[in-house]
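Below: one structure, written as structure tokens.
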Amino acid sequence: MTKAVWRFMALSDLTNEITRDPSVFTGDEPAEMKTLEHVMKLIEDTISEVKNQAVQCLGQLTKILRDSHQDFVIEKLISLFNGKDDELRDVAGLALKTVVTNIPENIVGRACSKVGPRLLRQLQTPSTPPEAILEGLTILNILNTRVPDEVAKLEPKPITVFTQLLKHNRVAVRKRAIVTIAQFIPTSSPSVFGTVLRDYISPSWGSSIPLDRKVTAVQLVGAIARTSPQRIGPVVGETLPGLFSAISKDDGELKESCLQSLESLVLRCPQEVTPSLNQIINSALEYIKFDPNYAADDDEDEDEEMAEVDDDDDDDGAADAYSDDEDTSYKIRRSATKVLAAVIGTRPELLSKIYQTVSPVLISRFGDREESVKVEVWATYMVLLNQTSVYSGTLGGRENEAVAGSKRKRQDETMEVEDSPLDLLRSQVAALCKALLKQLQTKSPAATSQAGFQLLIELVTVLPGALSQHASSIISCAKATLSQSGANTTTTLHTTTLSFLSLFFRTHSASCFNTSIPTITPVLLTEATQKHPRVASEAFKVFSSLLQATQPVTSGDWVLQIYKEAVNRLSRNDTDSEVRASAEEVIGNLWISATPTVSGQGGVEWDALRKGARPEGAVRVIKKVAASNVSMPDDWVVQSVEWVLGVLRRSGRGGRVESFECLDVLLAKGTVSDEIIKDVINQLKQYLTIADITVLSQALTTLSLLLEKYSKVTYPIVETQVVGLVSSLACSSLVSGAALSSTEDFYGTLVTVDNQIASHIIPSLMTSLDRAGREGSASNVSKCVARVVKCAMGIAAGTIAEFHKHIKVRKIYRDTQVSNLSDSPAQRPRKAKLYSAY
């Protein structure tokens, strides 16, 4: 190995050692200084990798150095930073940033007092290279983040120095100065911002001011709005006229900067911009159409104009006219779109007005020739849909499928009718779909197509059934997207498209897409066989939605094909858990929606379901099918009950609740043999404990169901083996909520089956309460007794008479205590003795 490699490895080992043991130099000051000198020397190494590693090592060393050695490092780095060697200056600047970031809190103030003034003086020097200025501004920004109070004391004043840099001839320096000033404003006194406003921003709106200074002032306003809205908020009214004046200038960068600043003000100072909000919206609507390199006939429909541009892509002459690499007008349109997004996101009270004025313009720009602008327009419309969903509610059910027409809202008979945002959205769905589908049907990047389908998802979420009249075109578009070759598509695009189709089938009537099913199912079947788990999972979900929407399904080769693919996935041990869950859901929906097709397949799907490593999915499917109107064979019910009992024995607490619910649904079928019922009861007895209150509640519910459905077999066992256990549990104060309700239901069902047992239950409860002592819950027992008496009214009179005795005794005791309070101290002992005798 070369010597440079040795040096690099030595620095790396030293860095790792310091990180592992920060006390490595404790008590050995000479070794620390010697090591530090070597590291500082390697910062001037001729090999770049060695210098960079030395900077990293210095960052760790800074955390553990003595104060005097910290001074040595700072002095050395400042001298290198002020030198004439460009490469050394760059490394020293990087090292200074590392040091001021990692230096301990107790000495960072002293470091600031040493580094700050020198950096500020260097920034004031006209001959300082731009690269050094950029590094110096970054270092001062870090210091301001850590010790703003110390930075505020520096001389010359930082803001004064930074403001002078706003006039630098290098754009990068001006932009870095803008960022630095914006970061300093929040930690500075209000007078500092007043100085910036008075000395630089306000004078920049004059007509004779150069454009580059206007651009800088506008960008500074936006930066301050992002970092310190509380400072600029009070002067927004003074600033906005300057922005509106600047945006009218014929300069692309200035227009873009004005729009970006307006966006920041709308987001960060929503209250202050309210008086000028209409003017902001109008400016954004004007510049979202700004495309000077595209000459169109004003008399033509704007949507058709976009279509003509797309249709002429193959024409070399037209392409030359519209594809100018120097054209940056798209940045203005994109910034204007973001302004509208900011207004929409912060002004829900203006939704109706936005749908009337902004929404049509956004729809007309769905076909912008620049992909980034197009995606931004779609994203803005998604913000509008989200706001509509949150503040106007969403429509549910398929009865809302009509796209035309609107509901009218009347505040008073004499007031004008006002359309709600949902009504206005519904009236614009046709134009929206036409414009969006036109873009999705053309060749576009995968990211653009994905954004389009995300917009459709949001639309259907807010307005279910809205796409009924466009179902055929939408399904054709989705089919084309899913059929694209691998080079033109991505997995994310496929999953987004499939997610949309799943939502589309769930929220639309089958009558609107029945004719398209034969064309889309072959593509969906191909997606279901894909290796990528997300794609296959989403494809299965689409089939589940399709089956639910079209039930009952009586024909179609795709039903048998998706059945076979689902069974194939469930039978393999290497199937992804997400794919398996979706395939299980498909099996359940197939049995409910396409029973004739799957009932003749031999039941291999149930064997595959029950053999899975995680039984939760199979439990859900069995419960879903058992609870449906599908008539299942008795042997299937018996096998399912036995399997669920096995799951209960093996499951932890998390899976038992669903297993109990599944068991209840199966037992409710009423076709289980006596032997299985006895096995169920024997297994349920082990759950009659307060160790798991949730499972106790479920077990009691199942026992109640058995008493109701299989009383002949269940009652004798419950009477002899279960009633005593339940009476003890009823006395526990830990039994509450659902568990207590289940206990009451158990007693009610038990007494309903045999009224004669009621006279034995109440004494059993009272005995258990006496045994429990102070830990017993009389409240629980009283509720159980009340349920027993309610279900067996024949014992009501005797029970009331018995408990009335205890009430009379307690009343006499309370009356005696009250009278004792009015007696003299000499009379109280005698009355107490009388009460004791009583």
Side-chain angles (χ1 to χ4, degrees), residues 81 86 89-90 93-94 97 119-142 144 158-185 195-197 199-228 232 239 242-243 245-265 287 290 292-293 324-336 338-339 370 372-373:
F81 187 67
D86 293 342
R89 185 181 59 245
D90 293 341
L94 179 60
K97 288 190 290 187
L119 288 176
L120 291 170
R121 284 194 294 272
Q122 187 179 27
L123 295 178
Q124 285 183 315
T125 305
S127 59
T128 303
E131 293 76 12
I133 295 177
L134 296 177
E135 293 292 345
L137 289 172
T138 303
I139 296 168
L140 287 168
N141 203 359
I142 296 173
N144 184 63
I159 291 293
T160 304
V161 176
F162 302 154
T163 306
Q164 295 301 317
L165 292 176
L166 294 175
K167 302 175 183 178
H168 200 278
N169 56 1
R170 286 284 296 270
V171 176
V173 173
R174 296 200 299 268
K175 290 186 175 181
R176 184 66 60 84
I178 289 170
V179 173
T180 307
I181 292 174
Q183 294 296 331
F184 267 67
I185 293 295
T195 302
V196 175
L197 180 67
D199 295 344
Y200 192 85
I201 296 178
S202 296
S204 300
W205 307 132
S207 58
S208 61
I209 301 298
L211 286 178
D212 58 347
R213 180 171 175 179
K214 286 183 179 292
V215 171
T216 304
V218 169
Q219 292 174 348
L220 182 58
V221 169
I224 295 175
R226 287 187 289 272
T227 60
S228 187
I232 200 171
T239 307
L243 291 177
S245 173
I247 200 173
S248 62
K249 302 297 182 182
D250 187 16
D251 184 79
E253 185 181 7
L254 181 57
K255 292 180 185 293
E256 180 189 4
S257 299
C258 288
L259 291 167
Q260 290 173 346
S261 296
L262 288 174
E263 177 195 2
S264 299
L265 290 171
Y287 288 104
F290 183 77
N293 291 339
D324 185 5
D325 293 337
E326 300 298 325
D327 179 25
T328 59
S329 63
Y330 73 91
K331 296 181 180 180
I332 298 173
R333 300 196 299 276
R334 187 172 60 196
S335 298
K338 291 182 178 180
V339 173
E370 172 62 35
S372 63
V373 180

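Here CG of N169 is found 10.0 Å from CG of D212. Values are rounded to the nearest 0.5 Å. If you take CG on L254 and CD1 on I332, they are separated by 9.0 Å, rounding to the nearest 0.5 Å. Summarising the geometry, atom CG belonging to L243 is positioned 11.0 Å from atom OG belonging to S248; distances are rounded to the nearest 0.5 Å. Atoms CG and OG1, on L211 and T216 in that order, are 10.5 Å from each other to the nearest 0.5 Å. In this structure, I224 CD1 and F184 CZ are separated by 13.0 Å, a value rounded to the nearest 0.5 Å.
Other residues, nucleotides and ligands contribute more than 12 heavy atoms inside 6.0 Å of the NZ atom of K97.
Side-chain N or O atoms of S329 include none that pairs as donor or acceptor with a backbone N or O of P292 at under 3.5 Å. For the pair R334 (side chain) and V373 (backbone), a donor-acceptor distance under 3.5 Å is absent. Judged by distance alone, with hydrogens and angles left aside, the side-chain atoms of T227 form a donor-acceptor pair with the main-chain N or O of A182 at under 3.5 Å.
For the side chain to side chain contact (heavy atoms under 4.5 Å, CB included) with E253, the qualifying choice from K214, K331, Q219 is Q219, the only one to do so.
For the pair K255 and Y287, the cation-pi test (distance below 6.0 Å, angle within 45°) is failed.
Side chains of I181 and L166 form a contact here, defined as non-hydrogen atoms less than 4.5 Å apart.
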